[in-house]
2 protein chains.
Amino acid sequence: MGSRMDEENHIDEDDNDNDAKFKSKNLKAERKRRKKLSSRQLELRSIMNKATIITDAITYIEQLKNSVEELSNQLLQMEATTFDEEKIKLKEIHDEQETKKWGIIPEAEVHVNNICGTKLWIRIVLQKKRGALTKLMEGISLLGIDLNDTSITTSSGAVLFTTFGEGIRGGLPDAGQMKKYLLEIMRSI
Amino acid sequence: MGSRMDEENHIDEDDNDNDAKFKSKNLKAERKRRKKLSSRQLELRSIMNKATIITDAITYIEQLKNSVEELSNQLLQMEATTFDEEKIKLKEIHDEQETKKWGIIPEAEVHVNNICGTKLWIRIVLQKKRGALTKLMEGISLLGIDLNDTSITTSSGAVLFTTFGEGIRGGLPDAGQMKKYLLEIMRSI
DNA sequence: TTAAACACGTGAATC
DNA sequence: TGATTCACGTGTTTA
């Protein structure tokens with residue numbers, strides 16, 4: 001028998017001195033305990049709503065893990081390739097940019113010097129282009145010139161071609177004519 | 001008054017038919033309710049241990065976030081610098097490696113061709129070194145040679161020096177002598 | 001012993 | 001109405 005209707009009418013006003021009518025000594029303590037318990041339960045219920053963040057946390061963690069994996073792979077791939085093909089590619093890109101920065105060679109620069117009638121000193125600076133050197137060598141060869149000391153050097157997208165030539169059968173075209181001819185070849189590429 | 005000592009001695013044997021002595025009709029229901037509640041509480045306690053994973057989850061998320069940020073920064077930095085100084089550095093490293101791969105030029109390679117008595121065709125390949133070209137030009141100048149068409153090209157740590165020279169006062173040293181002299185200069189650097 | 005925790009029966013409130 | 005939930009006082013157990 002424990003309801004408020006048991007006795008007169010004013011029993012459980014908090015912590016008042018009206019507990020003389022009860023036999024139990026732990027009445028007050030039990031009231032306090034129940035109150036605490038109840039409040040704790042309410043507290044628990046209030047934070048239980050926040051338990052939904054666990055679901056969010058799971059998906060969030062998944063996203064983060066994916067990001068980490070993706071980024072790690074990217075870095076690994078970058079580091080792995082950057083000291084091989086990638087570096088060469090970067091160099092080529094850099095060369096292109098450098099060439100553009102310093103200005104594109106508008107047209108091959110050709111120098112032909114006729115020396116002692118049968119000897120040639122050729123110096124050509126041209127923009128690096130696929131097949132250009134092949135055509136150049138081919139053209140010079142067609143003119144019947146034997147190339148003795150040829151050096152081809154490329155740097156920053158430009159090509160320096162220097163050679164020391166000689167007419168195969170003594171005869172040799174005029175230096176001016178040859179220059180025109182070589183320029184023609186360069187333009188045609 | 002609700003303990004087992006209130007009445008005779010055999011009250012709450014589960015769900016027996018001995019509830020005729022009690023006035024309340026909800027006695028059985030209340031017993032069942034309390035039992036259920038208690039078991040639920042135990043159940044809750046058992047899974048509450050797993051609540052510690054929330055703490056772990058928090059630290060785990062922090063770690064992941066740090067990783068993501070770090071990796072992103074690395075990538076950004078790599079992408080940002082790789083098209084400027086970094087690429088040049090990569091190129092230089094690549095050049096160094098290339099030079100080593102193809103073997104270091106053991107000693108300057110000097111070609112001197114005497115043409116028509118007063119003209120020279122000089123071709124020197126040397127390892128890039130500070131001050132080397134200055135010494136070279138200085139030496140050639142001291143020999144009284146006027147350099148008409150000179151090209152200096154560097155690539156992969158090597159230097160190609162080609163020039164077409166002429167004796168200033170008609171006189172010109174012997175090609176073999178000159179070669180020795182130039183090699184001496186190259187060695188002294 | 002004391003004090004806190006627990007289980008119980010019960011009356012009232014809620015739906 | 002009837003079934004369920006809640007709060008209470010109390011006796012017992014536990015530490």
Side-chain angles (χ1 to χ4, degrees), chain A residues 1-70, chain B residues 1-70:
Chain A
M1 19 168 124
S3 168
R4 65 183 59 163
M5 301 297 284
D6 288 338
E7 306 295 329
E8 291 84 11
N9 50 7
H10 62 295
I11 295 180
D12 46 357
E13 316 302 326
D14 277 339
D15 290 4
N16 284 340
D17 302 320
N18 50 1
D19 50 354
K21 305 145 191 167
F22 295 97
K23 309 161 188 175
S24 247
K25 306 171 189 174
N26 64 343
L27 171 61
K28 262 184 154 181
E30 184 64 16
R31 281 177 185 166
K32 191 178 173 185
R33 177 178 164 270
R34 268 200 299 270
K35 204 170 188 175
K36 188 176 170 184
L37 202 92
S38 188
S39 86
R40 287 293 184 195
Q41 283 186 12
L42 291 179
E43 198 173 341
L44 178 61
R45 162 161 291 182
S46 77
I47 68 164
M48 285 300 283
N49 295 329
K50 301 178 183 176
T52 60
I53 66 168
I54 294 179
T55 306
D56 301 338
I58 291 172
T59 61
Y60 186 43
I61 286 180
E62 291 303 323
Q63 288 178 358
L64 284 176
K65 277 175 72 175
N66 286 338
S67 295
V68 166
E69 191 178 9
E70 200 175 332
Chain B
M1 19 171 121
S3 168
R4 63 183 60 161
M5 301 296 284
D6 288 337
E7 305 292 330
E8 291 84 10
N9 49 8
H10 62 295
I11 296 181
D12 47 359
E13 315 303 325
D14 275 339
D15 289 4
N16 283 339
D17 302 320
N18 51 1
D19 50 354
K21 306 145 191 169
F22 296 96
K23 307 163 189 175
S24 250
K25 307 170 188 176
N26 65 342
L27 172 61
K28 265 185 152 179
E30 183 65 14
R31 282 178 184 166
K32 190 177 173 186
R33 176 179 164 268
R34 268 200 297 270
K35 204 169 189 176
K36 188 175 170 185
L37 201 92
S38 189
S39 86
R40 286 293 184 196
Q41 282 186 9
L42 290 179
E43 197 172 342
L44 178 60
R45 161 161 292 181
S46 76
I47 68 165
M48 283 301 282
N49 296 330
K50 302 178 182 176
T52 59
I53 65 168
I54 294 179
T55 307
D56 300 339
I58 291 172
T59 61
Y60 185 44
I61 287 180
E62 291 303 322
Q63 287 178 359
L64 284 175
K65 277 175 74 176
N66 286 338
S67 295
V68 166
E69 190 177 10
E70 197 175 335

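Residue numbering restarts at 1 for every chain, and letters A, B, ... go by the order of the sequence lines. Atoms considered below: every heavy atom in the structure, side chains included; atoms not considered: hydrogens, waters and symmetry mates.
- Atom CZ in R34(A) sits roughly 12 Å away from atom C1' in dC8(C) (whole-Å rounding).
- Distances shown here put every side-chain N or O of R31(B) at or beyond 4.0 Å from the OP1 or OP2 atom of dC8(C).
- Put simply, the side chain of S39(A) gets close to the backbone of K36(A): a donor and an acceptor are under 3.5 Å apart.
- Taking R33(A) as the reference, E30(A) meet the side chain to side chain contact (heavy atoms under 4.5 Å, CB included) condition, with sequence neighbours excluded.
- Side-chain N or O atoms of S67(B) include one that pairs as donor or acceptor with a backbone N or O of Q63(B) at under 3.5 Å.
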Pairs under 3.5 Å (N/O, protein and nucleotides 3-6 of chain D):
| residue | atom | partner | partner atom | Å |
| --- | --- | --- | --- | --- |
| dT5(D) | O4 | N26(B) | ND2 | 3.2 |
| dC6(D) | N4 | E30(B) | OE1 | 3.1 |

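- Remark: N66(B) engages no residue in a side-chain hydrogen bond (donor to acceptor under 3.5 Å, both in side chains) (not counting sequence neighbours).
- Looking at residues two or more places apart in sequence or on another chain, you find a side chain to side chain contact (heavy atoms under 4.5 Å, CB included) between E70(A) and Q74(A).
- If you take NZ of K28(A) and C1' of dT10(D), they are 17 Å apart, rounded to a whole angstrom.
- Residues forming a side chain to side chain contact (heavy atoms under 4.5 Å, CB included) with K65(A) (at least two apart in sequence, or on another chain): I61(A), Y60(B), L64(B).
- Nucleotide dA4(C) holds its C1' atom 11 Å from the NZ atom of K32(A), rounded to whole Å.
- Rounding to whole angstrom units, NZ of residue K35(A) and P of dA7(D) are separated by 12 Å.
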